[in-house]
Asker: 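Handing you a structure now.
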Amino acid sequence: MSRTTRLAGLIGFPVEHSLSPVFQQAAFDALCLDVRYELWSTSEDELPERVASLRDDRFIGANVTVPHKERAFTLMESVSDVARRAGAVNTIVKRDGALHGENTDVPGFLAPLQQRGFDLSRMNVVVLGAGGAARGVVVALQTAGCPHIVVANRTIERAERLAAALGGPLQTSGLGDTLISHIETAGLLVNATALGWQGDRLPLPETVLQTLPPTSLVYDLTYRETPLLRAATQLGYPTLDGLEMLVAQGAESFRLWTGQEPPYDIMLDAARTAAKAR
């Protein structure tokens with residue numbers, strides 16, 4: 001590393017599985033920027049010190065992943081309106097030496113849908129889950145003017161708390177047969193639960209899944225083939241995993257750090273190549 005090399009990185013625990021260094025480094029290299037992107041495994045106790053260290057001139061900023069997005073929000077000196085609504089920060093930007101929190105997961109979630117021509121302002125959407133990821137998805141859908149959003153969760157009280165926090169045209173449901181009345185009119189089904197990284201469990205019963213309209217898109221935030229995506233494919237539904245979202249949110253982080261247009265195609269190619277090699 002030269003004396004002028006600056007640093008960016010991913011703060012989380014664990015972080016070893018992340019594809020972010022692959023596509024972010026590809027972007028810095030493509031634009032001939034002397035920046036190195038690193039993985040910073042950080043425990044909860046270490047988080048305040050890690051975040052404070054970003055004020056050093058060596059750093060241009062950072063990404064934040066689970067489990068630290070909500071706590072990172074509390075460590076910022078300012079946050080964007082989107083980050084405030086999401087209650088989470090996944091990108092830290094330096095502004096005149098101060099730390100500013102952004103949430104690029106919101107535009108990152110929308111980007112693959114916009115690229116496919118989805119008009120969310122005319123669509124019914126069902127979101128599975130009621131945690132931090134689901135909250136970001138709901139904020140994104142509200143930003144896009146989605147008129148009918150259902151938050152479905154195994155524990156319906158959590159879904160109701162999320163709906164109350166965000167307001168707007170939100171309904172709630174459990175994950176059983178009562179969800180069918182919402183599923184059968186949905187143009188988009190989003191899995192924002194943790195199911196998919198491990199095991200073979202579905203986030204909703206297959207008998208409910210198969211009541212989706214034939215052209216509905218099944219979108220899983222996990223960037224791999226999940227049990228839900230496999231089941232949806234077998235039933236004939238179009239599917240989308242989270243890889244494009246991952247790269248799109250990273251591209252927006254890159255833009256915020258550098259002020260330059262990110263080389264999205266290069267980033268996506270690098271991420272796809274790395275994902276296939278795993």
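Basis for what follows: all heavy atoms, side chains included, without hydrogens, waters or symmetry-related copies. All values reported here derive from a predicted model rather than from experimental measurement.
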Asker: Can you name the closest pair of heavy atoms from Leu75 and Pro48 and give their distance?
Answerer: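 Heavy atoms of Leu75 and Pro48 come nearest at CD1-CA, 4.0 Å.
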Asker: So, Ser80 versus Glu102: side-chain donor-acceptor pair below 3.5 Å or not?
Answerer: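 Yes, side-chain donor-acceptor contact under 3.5 Å.
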Asker: Using the side-chain contact (heavy atoms from CB on, under 4.5 Å) rule, take Glu206 and Leu235 through it: C-alpha gap first, then chi angles, then the decisive distance, then the call.
Answerer: CA-CA 10 Å; Glu206 188 167 333; Leu235 291 168; 4.2 Å; yes
Asker: Test your reading of the model: is there a side-chain donor-acceptor pair from Arg224 to the backbone of Gly242, 3.5 Å cut-off?
Answerer: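 Answer holds: no.
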Asker: Can you check salt bridge (Lys or Arg N to Asp or Glu O under 4.0 Å) on Glu77 and Lys94, steps first, answer last?
Answerer: CA-CA 10 Å; Glu77 287 149 300; Lys94 295 170 71 172; over 6 Å; no
Asker: Is a side-chain N or O of Ser216 found less than 3.5 angstrom from the main chain of Ala186, in a donor-acceptor match?
Answerer: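 At least one qualifying donor-acceptor pair exists.
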Asker: Checking the side chain of Arg36 only, and the main-chain atoms of Leu7 only, is there a donor and an acceptor separated by less than 3.5 Å?
Answerer: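 Between the backbone of Leu7 and the side chain of Arg36 there is no qualifying donor-acceptor contact (under 3.5 Å).
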Asker: Just verifying a value: how many Å separate Glu49 CD and Leu54 CG, rounded to the nearest 0.5 Å?
Answerer: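 Glu49 atom CD to Leu54 atom CG measures 11.5 Å (nearest 0.5 Å).
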Asker: Are the side chain of Asn103 and the backbone N or O of Ala88 linked by a donor-acceptor pair below 3.5 Å?
Answerer: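 Flag set: sc Asn103 to bb Ala88 pair under 3.5 Å.
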Asker: Would you say Arg161's side chain and Ala130's backbone share a donor-acceptor pair under 3.5 angstrom?
Answerer: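 The answer is no, because no donor-acceptor pair under 3.5 Å joins these two groups.
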Asker: Judged by atom type as modelled, is there a donor-acceptor pair below 3.5 Å linking the side chain of Gln142 to the main-chain atoms of Pro147?
Answerer: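 Absent.
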Asker: How far apart are the closest heavy atoms of His100 and Ser78, and which atoms are they?
Answerer: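 Heavy atoms only, the tightest pair is ND1-OG, 2.6 Å.
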Asker: So, Arg6 side chain and Asp34 main chain: donor-acceptor pair closer than 3.5 Å or not?
Answerer: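 Not a single qualifying donor-acceptor pair exists.
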Asker: Do Leu47 and Val79 share a hydrophobic cluster (ILVMFWY, side-chain heavy atoms under 4.5 Å, transitive)?
Answerer: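 Yes.
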Asker: Answer with yes or no whether the hydrophobic clustering places Val190 together with Leu166; edges join I, L, V, M, F, W, Y residues whose side-chain heavy atoms lie under 4.5 Å apart.
Answerer: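 Val190 clusters together with Leu166.
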Asker: Going by atom types only, do Thr239 and Asp220 share a side-chain donor-acceptor pair under 3.5 Å?
Answerer: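 There is no such pair between these side chains.
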Asker: Looking at Ile183, Leu179, Leu228, which hits side chain to side chain contact (heavy atoms under 4.5 Å, CB included) with Leu209?
Answerer: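 The option that passes is Leu228.
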Asker: Applying side-chain contact (heavy atoms from CB on, under 4.5 Å) to Leu113 and Leu217, what does each step give before you reach the verdict?
Answerer: CA-CA 10 Å; Leu113 298 173; Leu217 179 68; 3.6 Å; yes
Asker: Within the 3.5 Å criterion, strictly below it, is a donor on Asp45 or Ser43 matched to an acceptor on the partner's side chain?
Answerer: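 On atom types as modelled, these side chains do not qualify, holding no pair under 3.5 Å.
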Asker: Please determine whether residues Ile60 and Leu256 belong to a single hydrophobic cluster, defined as Ile, Leu, Val, Met, Phe, Trp and Tyr linked transitively by side-chain heavy-atom distances below 4.5 Å.
Answerer: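 In one cluster with Ile60: Leu256, yes.
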Asker: Strictly distance-based, threshold 3.5 Å: is any side-chain N or O of Thr273 a donor or acceptor partner for the main-chain N or O of Ala270?
Answerer: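 Answer holds: no.
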Asker: Quick check on Arg55: does its CZ atom have over 12 non-hydrogen neighbours (other residues, nucleotides or ligands) under 6.0 Å away?
Answerer: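 Buried by this count: over 12 neighbours within 6.0 Å.
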Asker: Which heavy-atom pair separates Phe73 from Ala83 by the least distance, and what is that distance?
Answerer: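 Closest heavy-atom pair between Phe73 and Ala83: CE1-O, 3.5 Å.
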Asker: Please report the interatomic distance OG1(Thr172) to CZ(Arg158), rounded to the nearest 0.5 Å.
Answerer: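 These two atoms lie 13.5 Å from each other.
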Asker: Taking atom OG1 of Thr207 and atom CD of Gln210, what is their separation to the nearest 0.5 Å?
Answerer: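 So the OG1 of Thr207 and the CD of Gln210 are separated by 6.5 Å.
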Asker: Looking at Leu170 and Ala163, what are the two nearest heavy atoms and their distance?
Answerer: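 Looking at all heavy atoms of both residues, the shortest contact is CD1-CA, 3.6 Å.
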Asker: Of all heavy-atom pairs between Gly176 and Val208, which one has the smallest distance, and what is that distance?
Answerer: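 For Gly176 and Val208, the tightest heavy-atom pair comes out as O-CG2, 3.7 Å.
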Asker: Can you establish whether the number of heavy atoms outside Asp177 located under 6.0 Å from its atom CG is more than 12?
Answerer: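 No - once you tally the heavy atoms of other residues, nucleotides and ligands closer than 6.0 Å, there are 12 at most.
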Asker: Taking a hydrophobic cluster as the set of Ile, Leu, Val, Met, Phe, Trp and Tyr residues connected by side-chain heavy atoms closer than 4.5 Å, whether directly or through intermediates, do Val151 and Val106 fall within one such cluster?
Answerer: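 Yes: a chain of side-chain contacts under 4.5 Å links Val151 to Val106.
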Asker: Quick one: CD1 on Ile92 to CG on Asn63, what's the gap to the nearest 0.5 Å?
Answerer: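 So the CD1 of Ile92 and the CG of Asn63 are separated by 9.0 Å.
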Asker: Hey, could you give me the OG/CD distance between Ser41 and Glu16, rounded to the nearest 0.5 Å?
Answerer: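 So the gap between those two atoms works out to 5.0 Å.
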Asker: I need the single residue from Gln249, His68, Glu252 that forms a side chain to side chain donor-acceptor pair (under 3.5 Å) with Asn90. Which is it?
Answerer: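 Answer to the side chain to side chain donor-acceptor pair (under 3.5 Å) test with Asn90 among Gln249, His68, Glu252: Gln249.
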Asker: Treating Ile, Leu, Val, Met, Phe, Trp and Tyr as nodes and any side-chain heavy-atom pair under 4.5 angstrom as an edge, say whether Val66 and Leu221 lie in one connected cluster.
Answerer: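 No, Val66 does not connect to Leu221 through the hydrophobic network.
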Asker: Does CZ belonging to Arg154 count more than 12 external heavy atoms closer than 6.0 Å?
Answerer: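 No, because the 6.0 Å sphere around CZ of Arg154 holds 12 heavy atoms or fewer from other groups.
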Asker: Side chains of Glu46 and Phe13: closer than 4.5 Å at any heavy-atom pair?
Answerer: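 Of all side-chain heavy-atom pairs linking Phe13 with Glu46, none is under 4.5 Å.
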Asker: Side chains of Pro263 and Leu31: closer than 4.5 Å at any heavy-atom pair?
Answerer: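 SC-SC contact between Pro263 and Leu31 confirmed.
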Asker: Indicate the atoms forming the closest heavy-atom contact of Tyr223 with Leu243, along with that distance.
Answerer: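 In terms of heavy atoms, the two residues are closest at CB-N, 3.4 Å.
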Asker: Counting C-beta onward and ignoring hydrogens, is there a side-chain heavy-atom pair between Val125 and Phe118 closer than 4.5 Å?
Answerer: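 Contact flag for Val125/Phe118 side chains = no.
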Asker: Hey, does Leu10 have a side-chain heavy atom less than 4.5 Å from the side chain of Gln24?
Answerer: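 Result no, sub-4.5 Å side-chain heavy-atom pair not found.
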Asker: Look at the aromatic rings of Trp257 and Tyr37 and report parallel, tilted or perpendicular, splitting at 30° and 60°.
Answerer: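 Aromatic pair Trp257/Tyr37 classed tilted.
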Asker: Between Arg116 and Glu244, is there a salt bridge with N-O shorter than 4.0 Å?
Answerer: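 Yes, Glu244 and Arg116 are salt-bridged.
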Asker: Should the ring pair Trp40 and Phe59 be called parallel, tilted or perpendicular, given that the plane angle runs from 0 to 90° and is split at 30 and 60?
Answerer: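 Ring orientation of Trp40 relative to Phe59: perpendicular.
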Asker: Rounded to the nearest 0.5 Å, what separation is found between the CD1 atom of Ile149 and the CG atom of Leu120?
Answerer: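 Taking CD1 in Ile149 and CG in Leu120, the distance rounds to 9.0 Å.
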Asker: When you measure from the side chain of Ser18 to the backbone N and O of Val15, does any donor-acceptor pair fall under 3.5 Å?
Answerer: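 No.
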